[in-house]
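Everything below concerns the one structure shown next.
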Number of protein chains: 2
Amino acid sequence: MKTPKISEAVVRRLPVYLRYLQHLVDMNIRTVSSYELGQKLDMNPAQIRKDLAYFGEFGRKGIGYEVSYLIEKIKGILKLDRNLNVALVGAGHLGIALSNYNRYTKEKMSIVAIFDTDPAKIGLSVGNMPIRHIDELDRVVKELDIRIGMITVPATAAQQVADRLVEAGVSGILNFAPVSLRVPSEVHVRSSDVTTELQALAYYID
Amino acid sequence: MKTPKISEAVVRRLPVYLRYLQHLVDMNIRTVSSYELGQKLDMNPAQIRKDLAYFGEFGRKGIGYEVSYLIEKIKGILKLDRNLNVALVGAGHLGIALSNYNRYTKEKMSIVAIFDTDPAKIGLSVGNMPIRHIDELDRVVKELDIRIGMITVPATAAQQVADRLVEAGVSGILNFAPVSLRVPSEVHVRSSDVTTELQALAYYID
DNA sequence: TAGATTGTTAATCGATTAACAATC
DNA sequence: TAGATTGTTAATCGATTAACAATC
């Protein structure tokens, strides 16, 4: 029963569970039921149980889930228990804002390099990392074993940056530029774009 | 046949179509088929036709879609042809990065107010808007007829900010804080959180 | 006209939810 | 034990894709 075929929707929900479970730890809550989780996350309890059951039997009938145990299991599933190096391309406002997303946590996933093209920025320090010229991308990605690239460059440059990241060997891209990227099917891409999100929200207004 | 019941998935794809159509205009391309769109956006042509057909007959058999006509139609559907005022709460790096998302476009949706709690920031100017104290939120939302709030505050403050926005009368929230917000069912919430996105990507690495 | 492409129905596929036996 | 809650199967619901008549 090794992961029959996990849908992206399930994978996307796991970090949401994880986040709330970590909140429960902070509140010294040891055990939680799928019903309680469902209440707090506004989700169907059956869905939560089913999502978790794809990966194993993590709960106890009549009791619920042990919070810290479930956290470890989800981290294992998402591979957050191993080091995972991330590169950020684009040292504009957004890039700098995102560069310290993990500054205060001790997660094993972390941004380890920042790139830009602007000569005025190269060498400047952001979160004690130097901004490097994008021509170093290929070399640095390989040297530091970077697996994920975050793109925070203007739309016009995004596809080109994606091509370079893929060429350098990353297997995941998180794209913040407002453009649909074309990448080989073995590379996973997630896009997050404010404009698109706001426009979708606009539909529901009034 | 007025909008039988449009799923969120459909609404989320419309801005993606719009974005690519605007790109086609820039390239002086006048007409496009669902097949071509599908190729470029990596989507099924039948899905694109079906999505559009929910709202009307925008294409011509044997020809395809007239680009600028379809743009106008999609803008109408998403209500991007009317003014829509947005408030941004949280003038940290991320907030400031997002505050100029529409600086260079002439869209009718725009950020018209920025709020924070930090006394050191109040009164400072960001994109020719003053940073206001959050205690002014209710008044300003009403005065400026703000309908959407963007939340870029730390996780610990996000729910409280959401409550204030709802209380002030917004009908949509775009949340960037890493927390699941609870809001009344009539308020639409979209969440976008780097950590969650990266963690979901991590699942596919290796 | 012949070729292309829409709009739409029907078929398929997949995801969510309900229900409940197992069991803590 | 009685009550609670899981894991899982079956039922439902919804979304995607295929197919094709209509028609430009």
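So that the names make sense, note that chain A is the first sequence line, chain B the second, and so on, each numbered from 1.
Take the nearest nucleotide of DNA chain C for B:K61 and for A:M43: the residue whose nucleotide is more 5' is B:K61. For the pair A:A46 and A:G62, both in contact range of DNA chain D, the more 5′-proximal nearest nucleotide belongs to A:G62.
If you take CG on B:L165 and CG on B:N175, they are separated by 10.0 Å, rounding to the nearest 0.5 Å.
The residue A:Y35 sits apart from the nucleic acid: no heavy atom pair falls under 4.0 Å. Nucleic acid contact class of A:R60 (heavy atoms, under 4.0 Å, all strands): sugar-phosphate only.
Atoms CG (A:L37) and P (D:dT5) sit 12 Å apart, rounded to a whole Å. In this structure, B:I6 atom CD1 and D:dT16 atom P are separated by 12 Å, rounded to whole Å. Taking atom OH on B:Y54 and atom C1' on C:dT6, their separation rounds to 16 Å, with Å as the unit. The CD atom of B:Q47 sits 17 Å away from the P atom of C:dT8 (whole-angstrom rounding). Distance, B:L52 CG to C:dT8 P: 12 Å, rounded to whole Å. In this entry the distance linking OH of A:Y69 with P of D:dT6 reads 15 Å, nearest Å. Nucleotide C:dT5 holds its P atom 12 Å from the OH atom of B:Y65, rounded to whole Å. Nucleotide C:dC24 holds its C1' atom 15 Å from the CD atom of A:E66, rounded to whole Å.
Considering only the side chain of B:R49, D:dA19 comes nearest among C:dA15, C:dC20, D:dA19. Proximity note for B:A53 (side chain, C-beta onward) versus C:dT8, C:dT17, D:dG7: the nearest is C:dT8. Each of D:dT6, C:dG7, C:dC24 was ranked by its minimum atom distance to the side chain of A:S33; first place goes to D:dT6.
D:dA4 is paired with C:dT23 under the Watson-Crick or G-U wobble criterion, all donor-acceptor distances under 3.5 Å. In this entry C:dT9 has D:dA18 as its Watson-Crick or G-U wobble partner, both defining distances falling under 3.5 Å.
Counting heavy atoms of neighbouring residues, nucleotides and ligands inside a 6.0 Å radius, atom CD of A:E136 exceeds 12 of them. Within a 6.0 Å radius of NZ in B:K40, other residues, nucleotides and ligands contribute 12 heavy atoms or fewer.
For the OP1/OP2 pair of C:dT16 and a distance below 4.0 Å, the side-chain nitrogens and oxygens of A:R13 include at least one atom meeting the criterion. Residue B:S34 places at least one side-chain N or O closer than 4.0 Å to OP1 or OP2 of C:dT6.
Salt-bridge annotation for B:R190 and B:E8: present, with a side-chain N of the basic residue lying under 4.0 Å from a carboxylate O of the acidic one.
Relative ring orientation between B:Y204 and A:H188 is described as parallel, the plane-to-plane angle staying below 30° on a 0-90° scale split at 30° and 60°.
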